[in-house]
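Only a predicted model underlies this, so the values are computations on that prediction, with no experimental measurement involved. All values below come from the heavy atoms of this structure, side chains included, with hydrogens, waters and symmetry mates left out. When a ligand or atom number is given, it counts from 1 through the structure's own listing order.
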Amino acid sequence: MTKPLEGIKIIDFTHVQAGPACTQLLAWFGADVIKVERPGSGDVTRNQLRDIPDADALYFTMLNSNKKSLTLDTKKPEGKEILEKLVRESDVLVENFGPGALDRMGFSWERLNELNPKMIVASVKGFSDGHHYDDLKVYENVAQCAGGAASTTGFWDGPPTISAAALGDSNTGMHLAIGILTALLGRDKTGKGQKVAVSMQDSVLNLCRVKLRDQQRLERVGYLEEYPQYPHGEFSDVVPRGGNAGGGGQPGWVLKCKGWETDPNAYIYFTIQGHAWEPICKALGKPEWIDDPAYKTAEARQPHIFDIFKTIEGWLADKTKFEAVDILRKFDIPCAPVLTMKELANDPSLRASGTIVEVPHKKRGTYLTVGSPIKFSDLKPEVTASPLLGEHTDEVLASLGYSQQQIFNLREVKAV
Ligand code: CAO
(Lines give C-alpha, C1' and ligand atoms only; values in the text may rest on other atoms or scores of the structure.)
Protein backbone atom coordinates (compact mmCIF):
# COMPACT_ATOMS: atom_id res chain seq x y z
CA MET A 1 0.00 0.00 0.00
CA THR A 2 1.34 3.46 -0.85
CA LYS A 3 1.28 5.69 2.18
CA PRO A 4 -0.24 9.15 1.70
CA LEU A 5 2.93 11.07 2.62
CA GLU A 6 5.32 8.83 0.69
CA GLY A 7 7.71 10.98 -1.35
CA ILE A 8 7.63 13.86 1.16
CA LYS A 9 11.13 14.34 2.54
CA ILE A 10 11.44 16.01 5.92
CA ILE A 11 14.53 17.35 7.64
CA ASP A 12 13.73 16.75 11.27
CA PHE A 13 15.75 19.28 13.23
CA THR A 14 13.71 18.68 16.37
CA HIS A 15 14.45 17.60 19.90
CA VAL A 16 12.78 16.78 23.22
CA GLN A 17 9.01 16.37 22.67
CA ALA A 18 7.09 19.11 20.84
CA GLY A 19 8.92 18.85 17.51
CA PRO A 20 9.55 15.08 17.57
CA ALA A 21 5.86 14.35 18.22
CA CYS A 22 5.02 16.27 15.04
CA THR A 23 7.57 14.58 12.78
CA GLN A 24 6.80 11.14 14.22
CA LEU A 25 3.18 11.57 13.18
CA LEU A 26 4.22 12.52 9.65
CA ALA A 27 6.62 9.55 9.52
CA TRP A 28 3.82 7.14 10.47
CA PHE A 29 1.87 8.39 7.49
CA GLY A 30 4.75 7.72 5.09
CA ALA A 31 7.01 10.79 5.06
CA ASP A 32 10.77 10.17 4.82
CA VAL A 33 11.86 11.81 8.07
CA ILE A 34 15.58 12.36 8.57
CA LYS A 35 16.38 13.37 12.10
CA VAL A 36 19.48 15.56 12.20
CA GLU A 37 21.38 15.19 15.47
CA ARG A 38 24.58 16.48 16.95
CA PRO A 39 27.40 13.89 16.55
CA GLY A 40 28.27 12.09 19.77
CA SER A 41 25.27 13.18 21.79
CA GLY A 42 22.12 13.52 19.67
CA ASP A 43 18.71 14.44 21.00
CA VAL A 44 19.02 15.04 24.74
CA THR A 45 16.14 12.64 25.41
CA ARG A 46 18.26 9.69 24.28
CA ASN A 47 19.95 9.98 27.67
CA GLN A 48 17.15 11.32 29.84
CA LEU A 49 15.58 9.04 32.48
CA ARG A 50 17.23 5.92 31.12
CA ASP A 51 15.86 2.62 32.41
CA ILE A 52 18.44 0.45 30.61
CA PRO A 53 22.12 1.49 30.71
CA ASP A 54 23.58 2.25 27.26
CA ALA A 55 20.22 1.97 25.48
CA ASP A 56 18.17 4.93 24.24
CA ALA A 57 15.67 6.06 26.85
CA LEU A 58 11.96 5.46 26.33
CA TYR A 59 11.51 9.23 26.20
CA PHE A 60 13.40 9.13 22.91
CA THR A 61 12.15 5.84 21.48
CA MET A 62 8.49 6.73 22.05
CA LEU A 63 8.75 10.03 20.14
CA ASN A 64 11.06 9.13 17.29
CA SER A 65 9.74 5.96 15.70
CA ASN A 66 9.75 5.47 11.92
CA LYS A 67 12.58 8.03 11.46
CA LYS A 68 16.16 7.93 10.17
CA SER A 69 19.02 9.42 12.17
CA LEU A 70 21.76 11.48 10.53
CA THR A 71 24.48 12.92 12.73
CA LEU A 72 25.66 16.32 11.55
CA ASP A 73 27.47 19.18 13.22
CA THR A 74 25.68 22.03 11.53
CA LYS A 75 28.02 24.59 13.04
CA LYS A 76 30.99 23.19 11.07
CA PRO A 77 31.40 24.27 7.41
CA GLU A 78 31.30 20.63 6.24
CA GLY A 79 28.07 20.08 8.20
CA LYS A 80 26.52 23.25 6.79
CA GLU A 81 27.36 22.10 3.27
CA ILE A 82 25.61 18.78 3.83
CA LEU A 83 22.58 20.49 5.34
CA GLU A 84 22.40 22.83 2.33
CA LYS A 85 22.36 19.84 -0.01
CA LEU A 86 19.61 18.23 2.03
CA VAL A 87 17.59 21.45 2.05
CA ARG A 88 17.76 21.66 -1.73
CA GLU A 89 16.09 18.28 -2.10
CA SER A 90 13.67 18.22 0.83
CA ASP A 91 10.08 19.36 1.14
CA VAL A 92 9.93 20.36 4.79
CA LEU A 93 12.31 21.41 7.56
CA VAL A 94 10.92 21.16 11.08
CA GLU A 95 12.72 22.66 14.07
CA ASN A 96 12.08 23.50 17.69
CA PHE A 97 15.32 25.08 18.81
CA GLY A 98 15.48 27.92 21.26
CA PRO A 99 14.69 31.37 19.80
CA GLY A 100 17.20 32.49 17.17
CA ALA A 101 19.25 29.25 17.14
CA LEU A 102 18.54 28.46 13.48
CA ASP A 103 19.44 32.02 12.45
CA ARG A 104 22.68 31.84 14.44
CA MET A 105 23.49 28.60 12.63
CA GLY A 106 23.18 30.50 9.33
CA PHE A 107 19.85 29.01 8.28
CA SER A 108 17.37 31.84 8.61
CA TRP A 109 13.99 31.57 6.84
CA GLU A 110 15.33 33.91 4.12
CA ARG A 111 18.38 31.70 3.54
CA LEU A 112 16.34 28.49 3.49
CA ASN A 113 13.84 30.06 1.13
CA GLU A 114 16.70 31.12 -1.14
CA LEU A 115 18.15 27.58 -1.10
CA ASN A 116 14.77 25.97 -1.81
CA PRO A 117 11.80 28.25 -2.50
CA LYS A 118 9.48 25.23 -2.39
CA MET A 119 10.51 24.28 1.12
CA ILE A 120 8.14 24.54 4.05
CA VAL A 121 9.96 25.68 7.19
CA ALA A 122 8.04 24.74 10.31
CA SER A 123 8.92 25.90 13.81
CA VAL A 124 7.78 25.45 17.37
CA LYS A 125 8.66 28.20 19.82
CA GLY A 126 7.44 28.93 23.31
CA PHE A 127 5.80 32.22 22.31
CA SER A 128 4.84 33.57 18.91
CA ASP A 129 7.06 35.94 16.96
CA GLY A 130 6.74 39.49 18.22
CA HIS A 131 5.31 38.44 21.59
CA HIS A 132 6.93 40.29 24.48
CA TYR A 133 8.26 36.92 25.74
CA ASP A 134 9.48 35.68 22.34
CA ASP A 135 13.07 35.42 23.57
CA LEU A 136 12.16 32.80 26.21
CA LYS A 137 13.08 29.14 26.08
CA VAL A 138 10.06 27.07 27.06
CA TYR A 139 9.26 23.59 28.35
CA GLU A 140 5.91 21.88 28.85
CA ASN A 141 4.95 23.23 32.25
CA VAL A 142 6.03 26.75 31.39
CA ALA A 143 3.67 26.63 28.42
CA GLN A 144 0.80 25.29 30.53
CA CYS A 145 1.22 28.27 32.86
CA ALA A 146 1.52 30.76 30.00
CA GLY A 147 -1.40 29.35 28.04
CA GLY A 148 -4.09 29.49 30.75
CA ALA A 149 -4.21 25.78 31.60
CA ALA A 150 -2.51 26.00 35.00
CA SER A 151 -4.62 28.85 36.40
CA THR A 152 -7.80 26.92 35.56
CA THR A 153 -6.67 23.41 36.54
CA GLY A 154 -6.80 21.94 40.05
CA PHE A 155 -8.86 22.69 43.14
CA TRP A 156 -9.89 26.14 44.26
CA ASP A 157 -8.11 25.81 47.60
CA GLY A 158 -4.84 24.62 46.03
CA PRO A 159 -2.23 26.20 43.76
CA PRO A 160 -2.38 26.38 39.94
CA THR A 161 -1.86 22.83 38.69
CA ILE A 162 -0.11 21.21 35.77
CA SER A 163 -1.90 18.58 33.69
CA ALA A 164 -0.14 15.28 33.04
CA ALA A 165 -1.22 15.52 29.41
CA ALA A 166 1.41 17.16 27.21
CA LEU A 167 -0.67 20.20 26.33
CA GLY A 168 2.44 22.27 25.67
CA ASP A 169 4.58 19.69 23.92
CA SER A 170 2.78 17.00 21.94
CA ASN A 171 -0.28 19.18 21.51
CA THR A 172 1.85 21.89 19.90
CA GLY A 173 3.46 19.24 17.71
CA MET A 174 0.01 18.16 16.51
CA HIS A 175 -0.89 21.76 15.68
CA LEU A 176 2.36 22.05 13.73
CA ALA A 177 1.59 18.85 11.80
CA ILE A 178 -1.73 20.36 10.71
CA GLY A 179 0.12 23.52 9.67
CA ILE A 180 2.65 21.55 7.64
CA LEU A 181 0.00 19.50 5.85
CA THR A 182 -1.91 22.71 5.07
CA ALA A 183 1.23 24.33 3.68
CA LEU A 184 1.93 21.23 1.56
CA LEU A 185 -1.57 21.45 0.08
CA GLY A 186 -1.03 25.18 -0.44
CA ARG A 187 2.24 24.48 -2.24
CA ASP A 188 0.43 22.18 -4.67
CA LYS A 189 -1.59 25.24 -5.71
CA THR A 190 1.09 27.95 -5.65
CA GLY A 191 4.34 26.04 -6.13
CA LYS A 192 5.77 27.99 -3.21
CA GLY A 193 6.90 26.99 0.23
CA GLN A 194 6.15 29.02 3.32
CA LYS A 195 7.02 29.48 6.95
CA VAL A 196 4.73 27.75 9.45
CA ALA A 197 5.05 28.71 13.09
CA VAL A 198 3.21 27.44 16.15
CA SER A 199 3.79 28.65 19.66
CA MET A 200 3.30 26.48 22.71
CA GLN A 201 1.41 29.26 24.48
CA ASP A 202 -1.05 29.57 21.58
CA SER A 203 -1.54 25.81 21.35
CA VAL A 204 -2.31 25.51 25.07
CA LEU A 205 -4.67 28.47 24.86
CA ASN A 206 -6.41 26.90 21.89
CA LEU A 207 -7.26 23.92 24.11
CA CYS A 208 -8.38 26.27 26.88
CA ARG A 209 -10.91 27.91 24.59
CA VAL A 210 -13.84 27.16 26.92
CA LYS A 211 -12.04 28.90 29.78
CA LEU A 212 -11.88 32.09 27.71
CA ARG A 213 -15.60 31.52 27.10
CA ASP A 214 -16.06 31.35 30.87
CA GLN A 215 -14.05 34.53 31.48
CA GLN A 216 -16.45 36.46 29.27
CA ARG A 217 -19.53 34.87 30.84
CA LEU A 218 -18.17 35.66 34.29
CA GLU A 219 -17.60 39.30 33.38
CA ARG A 220 -21.14 39.58 32.08
CA VAL A 221 -23.13 37.74 34.76
CA GLY A 222 -20.79 37.45 37.75
CA TYR A 223 -21.03 33.70 38.26
CA LEU A 224 -20.54 30.38 36.42
CA GLU A 225 -23.32 27.99 37.24
CA GLU A 226 -21.50 24.78 36.29
CA TYR A 227 -18.61 25.44 38.68
CA PRO A 228 -18.58 23.96 42.22
CA GLN A 229 -18.40 27.55 43.55
CA TYR A 230 -22.02 28.04 42.43
CA PRO A 231 -24.30 28.84 44.17
CA HIS A 232 -22.84 28.70 47.67
CA GLY A 233 -19.28 29.97 47.09
CA GLU A 234 -17.74 33.21 45.87
CA PHE A 235 -16.51 34.25 42.45
CA SER A 236 -13.74 36.78 41.85
CA ASP A 237 -13.23 38.47 38.49
CA VAL A 238 -11.17 35.59 37.02
CA VAL A 239 -12.15 32.05 36.00
CA PRO A 240 -11.57 29.89 39.08
CA ARG A 241 -10.19 26.37 39.28
CA GLY A 242 -13.16 24.04 39.08
CA GLY A 243 -11.71 20.79 40.43
CA ASN A 244 -13.25 17.90 38.53
CA ALA A 245 -16.36 19.72 37.36
CA GLY A 246 -17.58 19.10 33.83
CA GLY A 247 -16.58 21.88 31.44
CA GLY A 248 -19.76 22.10 29.43
CA GLY A 249 -23.41 22.19 30.37
CA GLN A 250 -23.31 18.69 31.89
CA PRO A 251 -22.37 18.53 35.59
CA GLY A 252 -19.98 15.72 36.40
CA TRP A 253 -17.52 14.63 39.04
CA VAL A 254 -15.00 11.93 39.88
CA LEU A 255 -16.81 9.52 42.22
CA LYS A 256 -15.50 6.89 44.62
CA CYS A 257 -16.12 3.22 43.90
CA LYS A 258 -15.55 0.04 45.86
CA GLY A 259 -11.99 -0.11 47.13
CA TRP A 260 -11.18 3.62 46.98
CA GLU A 261 -9.83 3.47 50.55
CA THR A 262 -6.80 1.49 49.35
CA ASP A 263 -6.77 1.97 45.58
CA PRO A 264 -6.14 5.60 44.58
CA ASN A 265 -7.75 4.99 41.20
CA ALA A 266 -10.95 3.22 42.26
CA TYR A 267 -13.10 6.01 40.79
CA ILE A 268 -15.34 6.66 37.83
CA TYR A 269 -16.20 9.91 36.09
CA PHE A 270 -19.95 10.34 36.19
CA THR A 271 -21.79 12.83 34.01
CA ILE A 272 -25.34 14.01 34.60
CA GLN A 273 -26.66 14.75 31.16
CA GLY A 274 -29.84 16.80 31.43
CA HIS A 275 -31.91 14.63 29.10
CA ALA A 276 -30.59 11.45 30.75
CA TRP A 277 -31.97 12.29 34.19
CA GLU A 278 -34.66 9.64 34.01
CA PRO A 279 -32.27 6.77 33.06
CA ILE A 280 -29.87 7.97 35.78
CA CYS A 281 -32.61 7.74 38.40
CA LYS A 282 -33.56 4.30 37.11
CA ALA A 283 -29.95 3.11 37.10
CA LEU A 284 -29.47 4.33 40.67
CA GLY A 285 -32.73 2.85 41.91
CA LYS A 286 -34.11 6.30 42.68
CA PRO A 287 -37.33 6.47 40.61
CA GLU A 288 -38.78 8.97 43.09
CA TRP A 289 -36.23 11.57 41.89
CA ILE A 290 -37.60 11.56 38.33
CA ASP A 291 -40.49 13.92 38.97
CA ASP A 292 -39.41 15.45 42.27
CA PRO A 293 -39.28 19.25 41.70
CA ALA A 294 -36.06 19.42 43.75
CA TYR A 295 -34.39 17.08 41.25
CA LYS A 296 -36.32 17.32 38.00
CA THR A 297 -34.39 20.12 36.28
CA ALA A 298 -30.69 20.94 36.03
CA GLU A 299 -31.34 24.30 37.75
CA ALA A 300 -33.12 22.57 40.65
CA ARG A 301 -30.33 20.01 41.03
CA GLN A 302 -27.39 22.43 40.92
CA PRO A 303 -27.68 23.87 44.47
CA HIS A 304 -27.45 20.35 45.93
CA ILE A 305 -25.44 18.64 43.18
CA PHE A 306 -22.81 17.46 45.67
CA ASP A 307 -25.50 15.76 47.77
CA ILE A 308 -26.60 13.99 44.59
CA PHE A 309 -23.03 12.93 43.91
CA LYS A 310 -22.81 11.64 47.52
CA THR A 311 -25.94 9.53 46.96
CA ILE A 312 -24.43 8.14 43.76
CA GLU A 313 -21.27 7.29 45.70
CA GLY A 314 -23.45 5.35 48.11
CA TRP A 315 -24.75 3.34 45.14
CA LEU A 316 -21.16 2.84 43.92
CA ALA A 317 -19.84 1.66 47.30
CA ASP A 318 -20.27 -2.06 46.56
CA LYS A 319 -19.28 -1.88 42.89
CA THR A 320 -15.83 -1.76 41.33
CA LYS A 321 -15.25 0.98 38.77
CA PHE A 322 -15.59 -1.61 36.00
CA GLU A 323 -18.80 -3.11 37.39
CA ALA A 324 -20.31 0.36 37.79
CA VAL A 325 -19.55 1.38 34.22
CA ASP A 326 -20.94 -1.91 32.94
CA ILE A 327 -24.25 -1.11 34.59
CA LEU A 328 -24.34 2.60 33.72
CA ARG A 329 -23.48 2.10 30.06
CA LYS A 330 -26.74 0.17 29.64
CA PHE A 331 -28.58 3.35 30.68
CA ASP A 332 -26.67 5.48 28.15
CA ILE A 333 -24.94 7.47 30.89
CA PRO A 334 -21.65 9.08 29.81
CA CYS A 335 -19.09 7.68 32.25
CA ALA A 336 -15.73 5.89 32.37
CA PRO A 337 -13.50 4.18 34.89
CA VAL A 338 -10.45 6.21 35.92
CA LEU A 339 -7.84 4.08 34.16
CA THR A 340 -4.23 3.73 35.25
CA MET A 341 -1.28 3.54 32.88
CA LYS A 342 -0.94 -0.13 33.83
CA GLU A 343 -4.55 -0.82 32.86
CA LEU A 344 -4.16 1.10 29.60
CA ALA A 345 -0.93 -0.69 28.72
CA ASN A 346 -2.69 -4.04 29.05
CA ASP A 347 -6.04 -3.05 27.55
CA PRO A 348 -6.92 -5.64 24.88
CA SER A 349 -9.03 -3.15 22.89
CA LEU A 350 -6.18 -0.66 22.69
CA ARG A 351 -3.80 -3.43 21.62
CA ALA A 352 -6.25 -4.60 18.94
CA SER A 353 -6.78 -1.10 17.54
CA GLY A 354 -3.04 -0.34 17.34
CA THR A 355 -3.26 2.48 19.87
CA ILE A 356 -0.89 0.62 22.20
CA VAL A 357 1.81 -1.17 20.24
CA GLU A 358 4.87 -3.27 20.99
CA VAL A 359 7.91 -2.25 18.99
CA PRO A 360 11.07 -4.34 18.63
CA HIS A 361 14.25 -2.27 19.13
CA LYS A 362 17.84 -3.24 18.35
CA LYS A 363 19.17 -2.48 21.81
CA ARG A 364 16.17 -2.35 24.13
CA GLY A 365 14.30 -5.46 23.11
CA THR A 366 10.58 -4.79 22.83
CA TYR A 367 9.03 -1.62 24.22
CA LEU A 368 5.49 -0.30 24.39
CA THR A 369 4.43 2.91 22.77
CA VAL A 370 1.32 4.79 21.73
CA GLY A 371 0.61 4.19 18.06
CA SER A 372 -1.40 6.43 15.77
CA PRO A 373 -4.52 7.76 17.48
CA ILE A 374 -5.79 8.61 14.00
CA LYS A 375 -7.43 5.66 12.23
CA PHE A 376 -7.97 5.45 8.48
CA SER A 377 -9.95 3.08 6.33
CA ASP A 378 -7.11 2.76 3.79
CA LEU A 379 -4.02 3.14 5.94
CA LYS A 380 -2.80 1.21 8.93
CA PRO A 381 0.22 3.10 10.23
CA GLU A 382 2.92 0.65 11.25
CA VAL A 383 5.18 1.77 14.08
CA THR A 384 8.83 0.87 13.60
CA ALA A 385 11.71 1.39 16.05
CA SER A 386 13.37 4.73 16.61
CA PRO A 387 16.83 4.91 15.00
CA LEU A 388 20.08 4.52 16.87
CA LEU A 389 22.19 7.68 16.90
CA GLY A 390 23.60 8.14 13.40
CA GLU A 391 22.19 4.81 12.19
CA HIS A 392 21.45 6.23 8.75
CA THR A 393 24.33 8.69 8.38
CA ASP A 394 26.13 6.65 5.70
CA GLU A 395 22.90 5.92 3.84
CA VAL A 396 21.81 9.57 3.75
CA LEU A 397 25.26 10.88 2.81
CA ALA A 398 25.58 8.26 0.04
CA SER A 399 22.20 9.36 -1.31
CA LEU A 400 23.59 12.91 -1.47
CA GLY A 401 26.53 11.65 -3.57
CA TYR A 402 29.24 11.34 -0.89
CA SER A 403 31.79 8.53 -1.41
CA GLN A 404 32.97 6.20 1.35
CA GLN A 405 36.27 8.11 1.49
CA GLN A 406 34.49 11.46 1.82
CA ILE A 407 32.30 10.06 4.59
CA PHE A 408 35.44 8.79 6.36
CA ASN A 409 36.99 12.26 6.08
CA LEU A 410 33.83 13.88 7.45
CA ARG A 411 34.01 11.55 10.45
CA GLU A 412 37.67 12.44 10.98
CA VAL A 413 36.78 16.13 11.39
CA LYS A 414 33.73 15.18 13.52
CA ALA A 415 31.34 16.87 11.12
CA VAL A 416 29.15 13.72 11.12
N1 CAO B 1 24.94 20.74 15.31
C2 CAO B 1 25.44 21.84 15.92
N3 CAO B 1 24.75 22.58 16.79
C4 CAO B 1 23.50 22.18 17.09
C5 CAO B 1 22.92 21.06 16.50
C6 CAO B 1 23.69 20.32 15.57
N7 CAO B 1 23.23 19.24 14.97
N8 CAO B 1 21.68 20.92 16.99
C9 CAO B 1 21.50 21.93 17.86
N10 CAO B 1 22.59 22.69 17.92
C11 CAO B 1 22.79 23.89 18.74
C12 CAO B 1 21.86 25.01 18.39
O13 CAO B 1 22.29 25.64 17.21
C14 CAO B 1 22.00 25.89 19.63
O15 CAO B 1 23.19 26.63 19.53
P16 CAO B 1 23.31 28.18 19.99
O17 CAO B 1 22.41 28.39 21.15
O18 CAO B 1 24.77 28.29 20.33
O19 CAO B 1 22.94 29.02 18.84
C20 CAO B 1 22.24 24.87 20.74
O21 CAO B 1 22.47 23.61 20.08
C22 CAO B 1 21.15 24.75 21.76
O23 CAO B 1 19.87 24.74 21.18
P24 CAO B 1 18.57 25.03 22.05
O25 CAO B 1 18.53 26.45 22.51
O26 CAO B 1 17.39 24.62 21.24
O27 CAO B 1 18.71 23.99 23.26
P28 CAO B 1 18.50 24.14 24.84
O29 CAO B 1 18.76 22.78 25.37
O30 CAO B 1 19.26 25.25 25.44
O31 CAO B 1 16.95 24.49 25.00
C32 CAO B 1 14.59 24.14 24.71
C33 CAO B 1 15.96 23.50 24.90
C34 CAO B 1 13.57 23.05 24.45
C35 CAO B 1 14.22 24.90 25.99
C36 CAO B 1 14.65 25.11 23.51
O37 CAO B 1 15.10 24.40 22.40
C38 CAO B 1 13.34 25.78 23.19
O39 CAO B 1 12.87 26.70 23.88
N40 CAO B 1 12.72 25.34 22.09
C41 CAO B 1 11.49 25.95 21.59
C42 CAO B 1 10.32 25.54 22.40
C43 CAO B 1 10.18 24.05 22.48
O44 CAO B 1 10.05 23.35 21.51
N45 CAO B 1 10.13 23.56 23.71
C46 CAO B 1 9.60 22.23 23.94
C47 CAO B 1 10.59 21.25 24.08
S48 CAO B 1 9.76 19.79 24.49
O49 CAO B 1 9.55 19.94 26.14
Side-chain angles (χ1 to χ4, degrees), residues 11-25 34-49 57 59-60 62-64 67-84 86-87 93-108 111-112 121-129 131 133-147 149 162-177 179 196-204 387 389-390 392-393 396-397 410-411 413-416:
I11 301 173
D12 180 9
F13 230 159
T14 70
H15 64 158
V16 201
Q17 184 174 165
C22 165
T23 48
Q24 173 172 261
L25 189 88
I34 302 167
K35 185 164 173 110
V36 178
E37 298 181 83
R38 219 194 296 238
S41 51
D43 188 326
V44 68
T45 59
R46 286 187 184 269
N47 294 298
Q48 273 180 1
L49 312 172
Y59 197 7
F60 179 83
M62 293 177 73
L63 284 155
N64 290 285
K67 302 181 185 179
K68 292 175 181 159
S69 168
L70 162 71
T71 48
L72 205 56
D73 186 333
T74 52
K75 285 191 173 166
K76 290 204 158 93
E78 299 86 347
K80 285 187 200 298
E81 195 184 305
I82 295 166
L83 186 61
E84 286 193 6
L86 261 182
V87 166
L93 182 148
V94 190
E95 63 92 19
N96 68 319
F97 292 127
L102 205 58
D103 292 8
R104 289 195 292 278
M105 214 185 267
F107 290 96
S108 62
R111 175 71 185 133
L112 290 166
V121 179
S123 299
V124 166
K125 295 286 167 271
F127 295 87
S128 57
D129 256 0
H131 189 284
Y133 285 152
D134 72 1
D135 56 338
L136 275 174
K137 289 186 173 181
V138 170
Y139 283 107
E140 173 69 54
N141 296 354
V142 178
Q144 289 200 26
C145 290
I162 299 299
S163 164
L167 306 177
D169 283 341
S170 281
N171 168 44
T172 306
M174 300 304 105
H175 278 80
L176 191 68
V196 181
V198 181
S199 89
M200 295 169 76
Q201 181 190 40
D202 294 358
S203 301
V204 172
L389 180 61
H392 304 92
T393 300
V396 175
L397 292 179
L410 287 165
R411 284 219 161 84
V413 296
K414 296 195 165 38
V416 301

Do you know which two heavy atoms are closest between Gly40 and Leu389, and how far apart they sit? C-CD2, 3.9 Å
Sub-4.0 Å atoms of ligand 1 with respect to non-hydrogen atoms of [X]:
{"X": "Gly98", "value": "24 (P), 25 (O), 26 (O), 36 (C), 37 (O), 38 (C), 39 (O), 40 (N)"}
{"X": "Glu37", "value": "7 (N)"}
{"X": "Met105", "value": "13 (O)"}
{"X": "Val124", "value": "41 (C), 44 (O)"}
{"X": "Asp73", "value": "1 (N), 2 (C)"}

Are any of the N or O atoms of [X] closer than 3.5 Å to those of ligand 1?
{"X": "Val36", "result": "no"}
{"X": "Val16", "result": "no"}
{"X": "Gln17", "result": "no"}
{"X": "Thr74", "result": "yes"}

Among Leu86, Thr393, Ile11, which residue satisfies the side-chain contact (heavy atoms from CB on, under 4.5 Å) criterion with Ile34? Leu86
Give me the residue, atom name and distance of the protein heavy atom closest to [atom].
{"atom": "atom 48 (S) of ligand 1", "value": "Asp169 OD1, 3.1 Å"}
{"atom": "atom 9 (C) of ligand 1", "value": "Phe97 CE2, 3.3 Å"}
{"atom": "atom 40 (N) of ligand 1", "value": "Asn96 O, 3.0 Å"}
{"atom": "atom 18 (O) of ligand 1", "value": "Lys75 NZ, 2.7 Å"}

Residue among Asn64, Thr23, Asp12 satisfying side-chain hydrogen bond (donor to acceptor under 3.5 Å, both in side chains) with Lys35: Asn64
Report the C-alpha separation of Lys80 and Phe107 in whole Å, then their side-chain angles, then the decisive distance to 0.1 Å, and conclude whether the side-chain contact (heavy atoms from CB on, under 4.5 Å) test is met. CA-CA 9 Å; Lys80 285 187 200 298; Phe107 290 96; 4.1 Å; yes
Donor-acceptor pair, distance only, cut-off 3.5 Å: does the side chain of Ser128 make one with the backbone of His131? no
Are the side chain of Asn96 and the backbone N or O of His15 linked by a donor-acceptor pair below 3.5 Å? yes
Taking C-beta and beyond as the side chain, do [X] and [Y] meet within less than 4.5 Å on heavy atoms?
{"X": "Gln17", "Y": "Tyr139", "value": "no"}
{"X": "Leu176", "Y": "Val94", "value": "yes"}
{"X": "Ile82", "Y": "Leu410", "value": "yes"}

At under 4.0 Å between heavy atoms, which part of [X] makes contact with ligand 1: side chain, backbone, both or neither?
{"X": "Val138", "result": "backbone"}
{"X": "Leu72", "result": "backbone"}
{"X": "Lys137", "result": "both"}

Could you work out, for atom 3 (N) of ligand 1, the closest of Arg38, Lys35, Arg104, His15 by heavy-atom distance?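 Going through Arg38, Lys35, Arg104, His15 one by one, Arg38 has the nearest heavy atom to atom 3 (N) of ligand 1.
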Looking at Phe107, Phe127, Tyr139, Phe13, the heavy atom closest to atom 29 (O) of ligand 1 belongs to Tyr139
For a side chain to side chain donor-acceptor pair (under 3.5 Å) check, start with the C-alpha distance between Ser123 and Glu95, then their side-chain angles and the critical distance, and finish with the verdict. CA-CA 5 Å; Ser123 299; Glu95 63 92 19; 2.6 Å; yes
Between Arg111 and Glu84, is the closest basic N to carboxylate O distance under 4.0 Å?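 Answer for the salt bridge query: yes.
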Among the heavy atoms of Ala18, does any lie under 4.0 Å from an atom of ligand 1? yes
